[in-house]
Amino acid sequence: MADISVTLPDGSSRNLRQGATAYDLAVAIGPGLAKAALIAVVDGQEVDLNTPLSSGQQVDIVTADSEAGLCTLRHSTAHVLAQAVLELYPGATYAIGPPIADGFYYDFDLPHGASISDAELTGIEAKMREIIAADQPFQRYEVSAVDGLELFAEHRYKCEIIQTVALAHNDVSAARASEDQELASEVVADGQVSYYRNSESFIDLCRGPHVPSTGCLGHFKLMSVAGAYWRGDSGRPSLQRIYGTAWASRKDLDAHLHRLAEAEKRDHRRLARELDLVSWPTELGPGLAVWHPKGATVRRIIEDYSRHRHSESDYQFVFSPHLARSELWQTSGHLDFYEESMYPAMELDGVSYHPKPMNCPFHMLIYKSAQRSYRELPIRMFELGTVYRYELSGVVHGLMRSRGFTQDDSHIFVTREQAPAEIASLVSFVLSVLRAFGFSSFDARLSTRPLGKSVGEDGEWELATEALRKALEAAGLDYQVDEGGGAFYGPKIDIDVQDAIGRSWQLSTIQVDFQLPVRFDLEYVGADGGRHRPVIIHRALMGSIERFFGVLLEHYSGAFPAWLAPLQAAVLPVAAAHSDYAAQVVKCLSSDGFRAEVVEAQEPLGRRIRAAKLQKLPYVLVVGDEDVFNGTVGVNARDGDGVERGVSLQEFVVRLQQEVNSHK
RNA sequence: GCCCGAGUAGCUCAGUUGGCAGAGCAGCUGUCUUGUAAACAGCAGGUCGCAGGUUCGACUCCUGUCUCGGGCUCCA
């Protein structure tokens, strides 16, 4: 009876009748699996469940438990979204709708440039639920590109995709190098195109696979609507993009929505206001912030720590002005490659000046101020240098993306021979400092030469790129390669940290530069008495102090560890009679270098404690009659459970000191 | 820069066919003198982002503009 045999992931094999599909296999394995099955992976390729199997194939039945299954679920939900929108908005056309992290989106073009408002999402969602309740099958068809063009004749974006794919088929190498890979992956690649039919009236161009029917879907929510350029190109039409999230179960969906709510609570812009750290008066303009005393205290501690670490590691501290003659930026190459991000020139006494977008040229001039010997190298210059960059108005975002920010910027001048070892030690220095701030998970990215927008010789670029690669490998960091993502003057490593809720933030960057030494004609005298060109390594560790502060704020959700907290302890007298003693406690703490304040007994104790808790202070110390008599404090720790009465002041000081020293 | 959305008291937000501007919290004053997450009462607080327009009359409708938010593109 059984006339084909397939292999399962566990290595076992199973016999099936001729013509059996992947779904039949799932049924044969068990009813639970058959019910949960979404797609199959046959010999490494994802296919629909109704795909017939043949003998000798390796078959894996995929459920929503796996990443691939979840992606399919999201992709299929995107199709249902398209079906709903096309039904609800006659004349609308659709572009692409891929799965993304946590969900999916679909891009639409509405007739007469109409737009969809957030309020309309409810109606679209309702229509989607109707489609899901109807349990429509996703049926796959394959046709030639020519037939595809006819089938989707009314949908210009689909036609464009088909044409792109047809073109790619004619010239495979061109397709590989082109930006159209993502589009090509929408359909099959052998000159045929595939599409799916859900109902009489709805088809969508798609490579697939899809879940068997819309009834497999349902745990989703439409999140937002936004503009997006067709194929990500600001020169092309702007489409309406609807974002949604979709999960395998109600529970997963709820958990995701809960995470989003938690993330919103940690938004640094919200916390900055609630904790009185930073504000953005509109009088200043977009992307420009002022630091209030509490925020400034945290910032000062961050900067002092940075100075301390740099000092320990043989950096020399330098300063430079905020402006320089435009010729300097001409020499450095910024006006050729970076001008669109620079604040415009200002004329003074017939001379043109630009505000600085980077600190490097100044450090070049410092290097050049004397004849340098190989004995001096490496020279490591460090500056907390404030730079100004013209960021597009739509991208400024609190402290994370601003128009004025301070870099913890270093330029390290080395010989070619010293470069690899220096880079390797820089990577470990960077990681060590980041760890001191409580980050423990990192991702790195190696960015290579940007074609067309860079200077220098291929050989130099390769050498530098290799040195960076080796440093990453030596540090044991996982990294991805961003082809063409380098700066105009050299390749770079970027290091991202993951915060407490798993989000990634780009902070550190290490960039090798063979160009600036040439542009500024930098030299050193070698052991051979000859003149040689040094190599420069640009390095920002926190990147921008502003962004770093914002990331820390979100990472800790505003509850800074004691060493960073703007106020470490509030001292609360139970009644006015204990006020003098509270002042003594504060004086004692202050004299040991701690940050503490009395909160006088104008308000009931409970209210003052609540206020201190809302400010997320590490410690609230309550002092009453017993404490005055015994020289003790009542300790209410932010992270502890309950309160401790009668702790001697000395004991508390020791405890706080340990906490500060350990950065916990 | 582009698409969409939003700007009402320090903060969070109500405010409909266009007709005198509202609440809670915060602030101030007074009373209360308090032992671990919100005492009580009163007061004050506004060119409804800004500028035009429509209207007898605009927070409300229209236009422009600024700022903010979500995206796109870009990036530390």
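The chains referred to below are lettered A, B, ... by the order of the sequence lines, with proteins before strands, and numbering in each begins at 1.
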Give one of base, sugar-phosphate or nothing for A/Ser393, where a contact means two heavy atoms less than 4.0 Å apart. base
Rounded C1' spacing from B/C48 to B/U8 in Å: 4 Å
To the nearest Å, how far apart are A/Tyr105 OH and B/C72 C1'? 10 Å
A/Ala226 side chain: which of B/C75, B/G71, B/U12 is closest? B/G71
Could you give the CG-to-P distance, from A/Leu222 to B/G70, as a whole number of Å? 19 Å
Please state the P separation for the pair B/A14 and B/U33 - nearest whole angstrom. 41 Å
Using the C1' atom in both, what is the distance from B/G18 to B/G53, to the nearest Å? 15 Å
A/Glu554 pairs by salt bridge (Lys or Arg N to Asp or Glu O under 4.0 Å) with which of A/Arg503, A/Arg547, A/Lys265? A/Arg503
At 4.0 Å (heavy atoms only), tell me whether A/Ala576 reaches a base, stays on the sugar-phosphate, or touches nothing. base
Residue whose closest nucleotide on RNA chain B lies nearer the 5' end, A/Glu340 versus A/Leu288: A/Leu288
What string of B, S and - do you get for nucleotides 35-44 of chain B, 5' to 3', when a contact is any protein heavy atom under 4.0 Å? BBBBB-----
Give a yes or no on whether the ring-centroid distance for A/Phe104 and A/Tyr243 is below 6.0 angstrom. no
Establish whether the base of B/C4 is bridged to the side chain of A/Arg241 by a donor-acceptor pair shorter than 3.5 Å. no
Tell me whether A/Phe405 is stacked on the nucleobase of B/A76, counting only the six-membered base ring and applying the 5.5 Å and 30° thresholds. yes
Stems of at least 3 consecutive Watson-Crick or G-U wobble pairs (donor-acceptor distances under 3.5 Å) involving RNA chain B, listed by first number, are B:1-7 with B:66-72, B:10-13 with B:22-25, B:27-31 with B:39-43, B:49-53 with B:61-65
Spatial distance of atom NZ (A/Lys356) from atom OH (A/Tyr343) [nearest 0.5 Å]: 15.0 Å
Whole-Å distance separating the CZ atom of A/Arg273 from the C1' atom of B/G69: 12 Å
What integer number of Å spans the C1' atoms of B/C2 and B/C74? 12 Å
Do the rings of A/Phe560 and A/Tyr556 sit parallel, tilted or perpendicular, given the 30° and 60° boundaries? tilted
Whole-Å C1' distance, B/G42 and B/U47: 28 Å
Distance, nearest 0.5 Å, that separates CD1 of A/Ile510 from CG of A/Leu472: 8.0 Å
Across the strands shown, which category fits A/Tyr390 at heavy-atom distances under 4.0 angstrom: base, sugar-phosphate, nothing? sugar-phosphate
Nearest-Å distance for atom pair CD/P, residues A/Glu391 and B/G71: 17 Å
Rounded off to whole Å, could you give me the NZ-to-C1' distance for the A/Lys356 and B/A76 pair? 15 Å
Any non-hydrogen side-chain atom of A/Leu434 less than 4.5 Å from a side-chain atom of A/Ser508? yes
Applying salt bridge (charged side-chain N to carboxylate O under 4.0 Å, His left out), can you list everything that pairs with A/Asp496, at least two apart in sequence or on another chain? A/Arg445
What orientation do A/Phe382 and A/Phe317 show, parallel under 30°, tilted 30 to 60°, or perpendicular over 60°? perpendicular
Touch class at under 4.0 angstrom, heavy-atom based, for A/Phe548 against every strand present: nothing
Would the number of heavy atoms belonging to other residues, nucleotides or ligands and lying under 6.0 Å from CD of A/Glu597 be above 12? no
Here the ring-ring contact (aromatic ring centres under 6.0 Å, His included) pairs for residues 625-647 of chain A, sequence neighbours left out, are none
For residues A/His411 and A/Cys360, report the shortest heavy-atom separation together with the two atoms involved. NE2-CB, 3.2 Å
With under 30° as parallel and over 60° as perpendicular, where do the rings of A/Tyr106 and A/Tyr94 fit, or are they tilted in between? parallel
If I take atom CG in residue A/Asp482 and atom P in nucleotide B/C74, what distance separates them, rounded to the nearest angstrom? 10 Å
Nucleic acid contacts of residues 259-271 of chain A, taken as heavy-atom distances under 4.0 Å to RNA chain B: A/Arg269
Which of residues 492-511 of chain A sit near RNA chain B, with a heavy atom under 4.0 Å from it? A/Lys492, A/Gln506, A/Leu507
A/Tyr479/A/Asp443 under side chain to side chain donor-acceptor pair (under 3.5 Å): CA gap, chis, key distance, verdict: CA-CA 6 Å; A/Tyr479 66 94; A/Asp443 304 310; over 6 Å; no
For B/G71, does the base pair up with any side-chain atom of A/Tyr229 as donor and acceptor (N or O, under 3.5 Å, distance only)? no
Do A/Gln240 and A/Val225 have side chains that get closer than 4.5 Å, going by heavy atoms? yes
Does atom CD of A/Glu651 have more than 12 heavy-atom neighbours from other groups under 6.0 Å away? yes
